[in-house]
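Scroll down for the structure; my scribbles are underneath it.
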Amino acid sequence: MTVVPLPTTVEHLGRGPLGRDELAAVVARDIPRGSFVNLGIGQPTTVADHLPADSGVVLHTENGMLGMGPAAHGDEIDPDLVNAGKIPVTELPGASYFHQADSFAMMRGGHIDVCVLGAFQVSERGDLANWHTGASDAIPAVGGAMDLATGAKNVFVMMTLFTKEGTPKLVPRCTYPLTGLACVSRLYTDQAVFRITPDGVTVVETYGTTVQELAARLDVGLRTLDDR
Amino acid sequence: MTVVPLPTTVEHLGRGPLGRDELAAVVARDIPRGSFVNLGIGQPTTVADHLPADSGVVLHTENGMLGMGPAAHGDEIDPDLVNAGKIPVTELPGASYFHQADSFAMMRGGHIDVCVLGAFQVSERGDLANWHTGASDAIPAVGGAMDLATGAKNVFVMMTLFTKEGTPKLVPRCTYPLTGLACVSRLYTDQAVFRITPDGVTVVETYGTTVQELAARLDVGLRTLDDR
Amino acid sequence: MTGIFADPDDAVAGISDGSTVLIGGFGMAGMPVQLVDALIRQGATDLTVVCNNAGNGDTGLAALLAAGRVRKMICSFPRQSDSWVFDGLYRAGKIELEVVPQGTLAERMRAAGAGIGAFYCPTGVGTPLADGKETRTIDGRDYVLEYPIKGDVALVGAHVGDRAGNLVYRKTARNFGPVMATAATLTIAQVNRVVEAGELDPETVVTPSIYVDRILDLGTAEAAS
Amino acid sequence: MTGIFADPDDAVAGISDGSTVLIGGFGMAGMPVQLVDALIRQGATDLTVVCNNAGNGDTGLAALLAAGRVRKMICSFPRQSDSWVFDGLYRAGKIELEVVPQGTLAERMRAAGAGIGAFYCPTGVGTPLADGKETRTIDGRDYVLEYPIKGDVALVGAHVGDRAGNLVYRKTARNFGPVMATAATLTIAQVNRVVEAGELDPETVVTPSIYVDRILDLGTAEAAS
């Protein structure tokens with residue numbers, strides 16, 4: 001997969017942060033044509049609504065299908081055809097079904113071009129925490145999160161940049177239990193889009209804020225495309 | 001699989017050793033009804049001709065099929081449907097096809113009840129040598145022999161008891177390169193049928209010879225069913 | 001040879017206390033509901049259950065849990081909006097839980113069925129789920145050593161079976177069924193319909209007959225009731 | 001996205017010297033003859049070829065060997081009645097050979113496709129083929145540690161492909177194709193016929209489109225000639 005880099009970091013000012021729908025559209029924009037893509041449960045699922053009809057993107061759902069179509073409605077609903085969130089979905093031409101060992105072999109073997117996940121925290125080196133809050137009374141449940149984080153060629157995360165309390169979710173080190181090490185390559189948030197490499201965090205775009213303002217609020221070194 | 005033991009060792013005298021066809025019939029007799037069976041290339045293949053029509057035995061061929069039928073003739077010949085010896089075969093009702101990793105998972109995972117193999121040598125503890133003569137100029141070729149020897153629940157070997165030169169092929173220790181360790185449970189030869197366990201070798205039947213005569217010719221301790 | 005049963009209670013006969021039971025399904029898709037209900041009536045207890053989820057609502061696996069028959073759950077995603085039965089048992093300390101990443105869960109069962117002794121898996125490296133596990137770096141990448149999960153019994157929900165024992169599934173209800181069928185000593189499948197041997201196209205069989213010991217024919221059961 | 005080709009030479013374009021090439025087929029069943037012939041014309045050399053056998057007669061893989069393009073063969077059963085080309089090269093010390101048990105060969109390629117770093121395999125323990133390999137006893141049974149075999153290219157013979165890239169096979173010609181397709185960076189399949197996406201039943205697809213980069217449509221090629 002080739003992502004064409006922007007020439008320079010863009011600050012979208014004179015507007016607020018991205019809405020949830022706008023954020024999904026920005027993620028969709030960055031998914032190369034013809035990619036095989038897994039969209040995580042919840043907000044990442046909405047990315048599908050923003051893929052152009054001729055994108056050629058093929059959706060994988062880890063419960064055993066390639067070529068997943070949109071959510072099913074009315075008569076289309078079939079209890080035997082659900083996505084990873086157990087929501088009834090549909091089947092597109094060229095689809096295929098396979099069992100769980102084959103489905104995760106596909107994932108673990110590095111055949112999925114992009115997966116899009118939600119997160120509690122992402123670290124500056126791309127560590128991901130998205131499966132467990134660490135609360136002592138929480139019932140642990142991981143599902144396919146670790147397999148997705150470890151297996152996809154590119155892991156995109158979408159989340160708000162700060163908690164409701166204003167605490168940054170892009171952090172020097174995750175304090176929540178980890179899902180995967182150094183696995184996130186792109187971070188899409190309401191306030192900015194980041195690229196994460198072994199060299200650190202680069203701001204690609206901001207929305208309703210500036211790189212300088214973000215640098216003041218985050219405990220993470222930020223670079224811009226212009227620094228290169 | 002349950003093999004009903006004979007009560008006592010039987011010496012079939014007043015006759016010669018088993019012919020090749022008779023030997024195949026003796027092996028077929030000992031394959032329990034409804035077993036899943038893999039018959040090795042060459043002589044073991046002929047065991048199929050001696051299974052009763054209502055045996056319920058299902059034949060596995062490691063190149064990717066369960067429910068293999070007899071050799072194909074005339075118009076039945078299909079180059080896409082061959083057995084492990086690359087001989088055109090037929091398909092029986094209830095057959096299925098699968099790829100090589102699945103086929104050997106079936107074997108390695110202990111799902112095949114019986115496989116029947118030829119051998120250069122079998123040791124008194126059930127070691128098998130059947131893939132390589134050890135000759136320095138021989139081109140090594142193992143195929144599925146080691147997988148079969150290691151994976152099947154019961155490994156039956158059929159061979160002549162002596163080489164043309166009269167050298168025993170049931171030996172204290174194999175001198176030929178090994179195929180598998182302690183894997184042979186039943187040894188069917190022209191002169192006798194043996195059971196091999198960690199306790200040693202038991203003669204079940206002889207053909208045209210006596211246990212005493214065999215004991216004199218073999219360098220292996222022999223017990224009879226009567227010793228129990 | 002595969003036995004064909006019309007009565008769910010006959011189909012689950014003989015399951016012992018203390019068994020490890022692999023139960024198919026992802027949520028309700030592919031869940032062998034009739035077999036699980038029969039297992040409740042059958043009475044085996046002190047079970048270890050391997051299932052992607054830990055029961056939904058108050059029926060099926062949730063009812064088995066509520067009946068106190070399960071000592072330990074091995075699953076990837078116990079917590080769901082309707083997993084209150086499991087949640088209550090877990091918080092009360094009345095059930096053990098081993099959480100395994102979903103792909104590793106599937107691969108560990110595949111390994112059991114395929115005679116693999118253990119395998120190095122990249123999933124979970126550096127996370128709490130790898131705590132205490134052996135690790136190794138191979139070709140510059142880190143892996144965790146994972147061991148097979150073998151079942152005494154597998155309960156699988158399929159779509160159509162034939163009298164030889166072959167199974168096909170329907171859409172994403174396929175999920176764990178084919179893997180679990182390979183990984184258990186006794187595999188019991190429930191199907192919507194049984195056809196004669198030869199009626200399933202051999203190219204399309206997903207679970208070959210060798211893996212299937214008993215088939216519960218729900219078609220027959222429904223026709224009889 | 002899968003490219004559909006009518007010309008075998010276009011289908012194999014870009015294969016580099018020194019590549020590891022996985023070639024499907026068990027004897028001639030499933031052997032991608034047209035792709036191998038095109039690879040000979042294409043000219044890549046210093047190849048490592050992974051194939052169950054080491055060529056039959058004087059065509060296909062045997063012709064590739066005869067042309068001196070193969071540095072090393074990895075296979076389970078090189079020696080056949082009609083493997084004289086390989087036999088001659090081997091006895092002349094002009095080709096390396098790694099013999100791998102057939103099931104281990106398949107499993108090592110599956111491991112490459114499935115992201116498994118290595119696996120403990122019971123096959124070959126105590127035999128010359130395990131010489132020098134790491135071993136381990138697990139639950140009382142001995143295993144040999146086996147590593148993945150990854151291909152730069154896989155050449156696979158299938159039956160029908162669709163425009164999305166899905167493949168189905170025919171009878172025992174399926175053999176190594178589905179495994180090799182998962183294990184290579186570039187997978188090229190030849191098929192007897194290409195159909196539109198949606199014409200293959202999604203339940204019956206054996207190799208999902210994600211594994212197939214290029215399809216050579218022999219139907220088109222024949223119609224055009």
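Atom set for the values below is all heavy atoms of this structure, side chains included, hydrogens, waters and symmetry mates excluded.
Contact tally against chain D (heavy-atom pairs below 4.5 Å) for B:Met146, B:His132, B:Glu62: the top residue is B:Met146. Of the listed residues (D:Pro128, D:Gly30, D:Ala54, D:Ala130), the greatest number of heavy-atom pairs within a distance under 4.5 Å of chain B belongs to D:Pro128. Note: D:Ser76 leads D:Ala173, D:Ser76, D:Ala106 in heavy-atom pairs under 4.5 Å with chain B. Interface check for chain B: of the options D:Glu107, D:Met28, D:His159, D:Gln80, the most heavy-atom pairs under 4.5 Å are formed by D:Glu107. Ranking B:Pro140, B:Ala129, B:Ser103 against chain D, the residue ahead of the rest is B:Pro140, based on heavy-atom pairs under 4.5 Å.
Contacts between D:Arg170 and chain B at a heavy-atom distance below 4.5 Å involve backbone atoms as well as side-chain atoms. Neither the backbone nor the side chain of D:Val206 comes within contact range of chain B; no heavy atom of the residue lies under 4.5 Å from a heavy atom of that chain. Contacts between D:Arg91 and chain B at a heavy-atom distance below 4.5 Å involve the side chain alone, from C-beta outward. Only the side chain of D:Cys121 has a heavy atom closer than 4.5 Å to any heavy atom of chain B. When heavy atoms are compared at a cutoff of 4.5 Å, D:Ser83 does not approach chain B at all. In this structure, the portion of D:Leu97 lying under 4.5 Å from any heavy atom of chain B is its side chain and not its backbone. Looking at D:Val99, only its side chain comes within 4.5 Å of chain B, counting heavy atoms on both sides. At a 4.5 Å heavy-atom cutoff, the contact between D:Phe86 and chain B is made by side-chain atoms alone. For B:Ser96, no part sits under 4.5 Å from any heavy atom of chain D, backbone or side chain.
More than 12 non-hydrogen atoms from other residues, nucleotides or ligands lie less than 6.0 angstrom from NZ of D:Lys133. Atom CZ of D:Arg141 has more than 12 neighbouring heavy atoms from other residues, nucleotides or ligands inside a 6.0 Å radius. Within 6.0 Å of CG in B:Asp137 there are more than 12 heavy atoms belonging to other residues, nucleotides or ligands. Applying the 6.0 Å contact sphere to CZ of D:Arg193 captures no more than 12 heavy atoms from other residues, nucleotides or ligands.
For B:Arg108 (side chain) and D:Thr123 (main-chain N/O), no donor-acceptor pair under 3.5 Å exists by modelled atom type.
The shortest non-hydrogen separation linking B:Asp147 to D:Pro101 is OD2-CB, 3.6 Å. Among all heavy-atom pairs drawn from D:Thr172 and B:Asn63, the shortest one is CB-ND2, 3.7 Å. A pairwise comparison of heavy atoms in D:Lys171 and B:Glu91 identifies NZ-OE1, 2.9 Å as the closest pair.
Residues of residues 42-56 of chain B lying under 4.5 angstrom from chain D, judged on non-hydrogen atoms, do not exist here. Of residues 65-85 of chain B, those residues lying under 4.5 Å from chain D by any heavy-atom pair are B:Met65, B:Asp78, B:Pro79, B:Asp80, B:Leu81, B:Val82, B:Asn83, B:Ala84.
Within the model, atoms CG of D:Asp142 and CG of B:Leu181 stand 8.0 Å from one another, a figure rounded to the nearest 0.5 Å. In this structure, CZ in D:Arg110 is found 15.5 Å from CZ in B:Phe104, a value given to the nearest 0.5 Å.
Just one of D:Val179, D:Thr182, D:Thr207, D:Asn175 meets the side-chain contact (heavy atoms from CB on, under 4.5 Å) condition when paired with B:His99; it is D:Val179.
Looking only at side-chain heavy atoms (C-beta outward), B:Lys86 and D:Phe26 come within less than 4.5 Å of each other. Residues D:Phe77 and B:Val142 fail the side-chain proximity criterion, which asks for heavy atoms closer than 4.5 Å. Taking the side chain as every heavy atom from C-beta outward, D:Asp87 and B:Ile139 approach each other to under 4.5 Å.
Side-chain contact of B:Gln100 with D:Gln102: a donor-acceptor pair under 3.5 Å is present, judged by distance alone.
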